[in-house]
Q: 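Take a look at this one; I'll ask things after.
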Amino acid sequence: MNVVELEVVTEEPSQQSAEEPPHCTKAPRTSRRALLWADVPDAQWNDWRWQLSHRLNSLEELSQIINLTPEEVEGCRSHHFRVDITPYFASLIDPDDPNCPIRRQVIPTSKELIAFDGMFADSLNEDAHSPVPGLVHRYPDRVLMLVTTQCASYCRYCTRSRLVGDASAQFSRHDYDRQIDYIARTPQIRDVLLSGGDPLTLPPRVLEDILRRLRAIEHVEIIRIGSRVPVFMPQRITPELVDILRQFHPLWMNLHFNHAKELTPEVAEAVARLADAGIPLGAQTVLLAGVNDSVDVMKELMHKLVRNRVRPYYLYQCDLVEGAGHFRTTVSKGIEIIEGLRGHTSGYAIPTFVVDAPGGGGKIPVMPQYLISQAPGKVVLRNFEGFITTYNEPNDYTGHTVARPEHPVPNYEAGEEGIYGLLSGAAQHVKPEGFDGMHRRNTIQAAPHGKVTWEPAPLPITPSNGHNGYHKN
Ligand SMILES: *Cc1c(COP(=O)(O)O)cnc(C)c1O
């Protein structure tokens, strides 16, 4: 008997510590609320208006609930980007752990003021892609529509800190008119993504009006809302709000989660309400140093999301944005995390890791290399365990795209066909700006008899290929 008891005693602590996330291991949440907001009745605490109007933002308020480090004190005194934290989200912070992942995301520190190589105010060059204010048209068939500058709380690594949080710079009815007008007269837009700021902070009637006007546009097939309100202020996801949203199907939502600790019972309930309304839910996560930059922490988050019917969508490399330097990881950390997920857990629990290209190149997926080698008729692949296999390709495959001359390569705008254009034969090459001038220097002298010989001869147009394998211009 004694032996058994001894074994239990010695095993228990080590098992526990292996399963616990590295930060904020104590979860004194309920007691934090009871301790700090003891005089606030449930009816108020659970009212999103109360949460919004009692947000914490000053050094005085924050130092009453958190043992701030000198760096955080400095950050609270002089920050470039607005601070505001709902009491609900603040109640999740571990007051004694400067590495608490909840805390790191919303409490400013003096590190935000440190500049770094490659830093931008608008790292994705969104302003250059905006045909009208607040509308980013970066991809052929979809747009990002910024409908507000306000959020329920402010993430310290915000990609749009250049415009978010500024209470004096709000989008107006006139801006919405221009955005919606552009969408209405641009028939290639089949997908509109509402973001900001956080669209769910808008007065419900304003949001409903925007959704209704978008729905009235025939070529808009789907509408998406990007939001972090369910995480910062789950109280906002009321049955009434959900009833508004469910009128506009197909409506998708992408929620922003960075750590399993954010998925509290309150958040789970809010998320369930959205899922029950038939809204497909995705999640986007930003890879953040000291918050979620480990396979274990990320896997726990992904599992918890899937359990709550939220499908991980994107994992973002942290943008090169002012204030976010101390949150940045190497790109290899993201690849390592995907390596630790793919094959090891459900495919549903694996997001696509992307680098949103600085300068406006859009999202670029990055992943471990699974295709190891190739020869005609054969590819060599490896799996997550390191098992290496070959796939024999058919040697009589033609496919059906080349046999459809009545469906030529779609009419893309200049440059939009991209690498697919190379594969489909719409273009022969993609070249950097200035390439031609640079390489034409000596063409005539070098070629015998002044003949230019490097261009491929045009193929005859045949019914089977439908085009001449040559760029049209
Ligand atoms: C992310 C993004 C989209 C949507 O991209 P998906 O890959 O379709 O989710 C659209 N426009 C802009 C500007 C974006 O940054």
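All residue numbers refer to positions in the sequence shown, counting from 1. Both ligands and their constituent atoms are indexed starting at 1 by order of listing. Note: hydrogens, waters and symmetry copies are ignored here, and every other heavy atom, side chains too, is used.
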Q: Under 6.0 Å from the ring centre and within 45 degrees of the ring axis: does the NZ or CZ of Arg142 meet both conditions for the six-membered ring of Tyr139?
A: yes
Q: Could you check whether Arg273 pairs with Glu269 (Lys NZ or Arg NE/NH1/NH2 to Asp/Glu carboxylate O, under 4.0 Å)?
A: yes
Q: Once salt bridge (Lys or Arg N to Asp or Glu O under 4.0 Å) is applied, do any residues pair with Arg307, and if so which ones, sequence neighbours excluded?
A: none
Q: Going by atom type alone, with no hydrogens or angles, which donor-acceptor pairs under 3.5 Å involve a side-chain atom of residues 358-379 and a protein atom two or more places apart or on another chain?
A:
from   : atom 1 : to     : atom 2 : distance (Å)
Gln369 : OE1    : Leu371 : N      : 3.4

Q: Could you tell me which residues satisfy salt bridge (Lys or Arg N to Asp or Glu O under 4.0 Å) with Glu393, sequence neighbours excluded, listed by chain and number?
A: none
Q: What do you reckon, are the aromatic ring centroids of His137 and Tyr182 less than 6.0 Å apart?
A: yes
Q: Distances under 3.5 Å, N/O of ligand 1 against N/O of the protein: list each pair and its distance.
A:
from     : atom 1 : to     : atom 2 : distance (Å)
ligand 1 : 7 (O)  : Tyr314 : OH     : 2.5
ligand 1 : 8 (O)  : Arg142 : NE     : 2.6
ligand 1 : 8 (O)  : Arg224 : NH2    : 2.8
ligand 1 : 9 (O)  : Arg224 : NH1    : 2.9
ligand 1 : 9 (O)  : Arg224 : NH2    : 3.4
ligand 1 : 9 (O)  : Tyr313 : OH     : 2.6
ligand 1 : 15 (O) : Lys363 : NZ     : 3.0

